[in-house]
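Only heavy atoms go into these numbers, but all of them, side chains included; no hydrogens, no water, no symmetry mates. Below, read A as the first sequence line, B as the second, and so on, with proteins coming before strands; counting in each chain starts at 1.
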Protein chains: 4
Amino acid sequence: MSDPGGVAADQLRAFVERIERLEEEKKVISDDIKDVYAEAKGNGYDVQILRKVVSLRKKQPHEREEEEAVLVLYLHALGMAGPATESAS
Amino acid sequence: MSDPGGVAADQLRAFVERIERLEEEKKVISDDIKDVYAEAKGNGYDVQILRKVVSLRKKQPHEREEEEAVLVLYLHALGMAGPATESAS
Amino acid sequence: MSDPGGVAADQLRAFVERIERLEEEKKVISDDIKDVYAEAKGNGYDVQILRKVVSLRKKQPHEREEEEAVLVLYLHALGMAGPATESAS
Amino acid sequence: MSDPGGVAADQLRAFVERIERLEEEKKVISDDIKDVYAEAKGNGYDVQILRKVVSLRKKQPHEREEEEAVLVLYLHALGMAGPATESAS
DNA sequence: CTGGCTAAACAGAACC
DNA sequence: GGTTCTGTTTAGCCAG
């Protein structure tokens with residue numbers, strides 16, 4: 001019986017191996033990133049600040065959205081219909 | 001009426017503050033839990049395992065059995081002996 | 001032998017039970033919070049927005065710090081000494 | 001030299017962009033992994049257990065045994081039968 | 001109203 | 001040692 005215990009062993013193995021393969025790739029990328037930071041450091045950059053810059057550039061669009069949403073949000077929370085509410089039911 | 005737009009701002013504030021108070025309390029408890037784990041660790045216990053024990057006790061015995069069974073099933077399907085299975089007499 | 005397997009069972013049990021007790025308390029608080037939200041909803045408030053307000057009030061001090069740090073950070077990252085940098089080595 | 005303050009802004013930008021590029025790639029891989037889990041789930045596999053299997057395969061067998069042993073030890077100390085222990089013939 | 005899905009909190013590990 | 005990053009767990013939301 002090629003199906004011990006009721007699960008398709010081959011299929012299961014395939015899934016597990018695909019995941020493991022992808023996780024390996026992911027690890028490679030992570031290491032690459034680490035390498036770039038190391039290289040930057042070798043060129044005199046402060047890695048910690050560099051990380052912060054990258055993280056900021058990532059956050060900013062999101063933060064901006066949130067900020068925008070917040071204005072409307074507060075107006076609503078206070079029971080004051082803000083602008084752009086005319087389309088609300 | 002000091003209630004612009006039909007919502008009682010004071011009431012809103014009251015709700016927000018009640019929630020914030022409760023969240024503070026919740027944080028205190030969380031810190032207490034952390035402290036207990038730290039104390040246990042100081043007494044030689046393995047915190048990670050301790051967490052696992054607590055989490056296991058939370059689960060219903062049946063659920064635990066079932067989970068374990070599926071895991072063993074998968075591991076066998078992959079040709080990996082399940083936990084403590086190979087040594088069971 | 002009151003010490004099966006080399007660990008002090010009573011002490012272990014005590015730790016586990018302290019943790020479980022605290023987790024129960026924590027759960028009570030969580031439920032209380034949920035109740036407050038429900039009550040607010042019963043009073044006509046939008047729970048989702050309420051959550052956002054609470055979360056914003058939590059984040060704001062932190063965000064402000066970060067924002068402040070960021071200005072200096074960017075200036076440094078671009079090799080432009082900003083204001084208040086005169087104390088930097 | 002178009003380099004205000006002693007740091008090469010262009011080089012800095014290059015580093016930042018290389019990092020951002022890699023992080024994007026990494027995100028793609030992460031999403032791929034998520035997809036595989038979803039596909040496995042669609043084929044009837046228990047994702048949670050699947051994750052556990054993958055994580056177990058990552059650990060060294062010895063480490064796994066050891067972890068298991070400590071857990072059983074604790075559970076016994078608390079009068080709780082360890083996994084699959086009571087049914088082991 | 002139950003269960004799946006996504007997003008946030010938490011804890012653990014790694015690196016500096 | 002402490003800071004950051006990763007992974008796990010949890011909670012809230014949504015769809016069926």
Distance check needed: [N] [atom2] versus [X] [atom1], whole Å only.
X: D/Ile19; N: F/dT4; atom1: CD1; atom2: C1'; result: 14 Å
X: C/Leu22; N: E/dC10; atom1: CG; atom2: C1'; result: 16 Å
X: B/Tyr37; N: E/dA11; atom1: OH; atom2: P; result: 9 Å
X: B/Asp31; N: E/dC10; atom1: CG; atom2: P; result: 9 Å
X: C/Gln48; N: F/dG12; atom1: CD; atom2: P; result: 13 Å
X: B/Ile29; N: F/dT10; atom1: CD1; atom2: P; result: 18 Å
X: A/Lys27; N: F/dC5; atom1: NZ; atom2: P; result: 16 Å
X: B/Lys26; N: E/dA9; atom1: NZ; atom2: P; result: 10 Å

As a test of reading the structure: which of F/dT6, F/dT8, F/dG12 is closest to the side chain of C/Lys34, going by heavy atoms?
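Nucleotide nearest to C/Lys34's side chain: F/dG12.
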Is [X] salt-bridged to [Y], going by a charged N under 4.0 Å from an acidic O?
X: B/Lys59; Y: B/Glu68; value: no
X: C/Lys27; Y: C/Glu23; value: no
X: D/Arg21; Y: D/Glu25; value: yes

Short side-chain N/O contact to E/dG4 OP1/OP2 from D/Lys41, under 4.0 Å
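Negative; the distance criterion is not met.
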Does C/Lys52 place a side-chain N or O at less than 4.0 Å from the phosphate oxygens OP1/OP2 of E/dA8?
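Checking E/dA8 against C/Lys52, no side-chain N or O comes under 4.0 Å of OP1 or OP2.
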Find which nucleotide of DNA chain F each of C/Val47 and D/Ser55 is nearest to by heavy atoms, and output the residue with the more 5' nucleotide.
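First, find each residue's nearest nucleotide; the 5'-ward one identifies D/Ser55.
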5'-most by nearest nucleotide on DNA chain E - A/His62 or B/Arg51
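So the residue in question is A/His62.
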Using only atom types and a distance under 3.5 Å, with no angle test, would you say the side chain of D/Tyr74 pairs donor to acceptor with the backbone of B/Asp46?
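A pair under 3.5 Å: yes.
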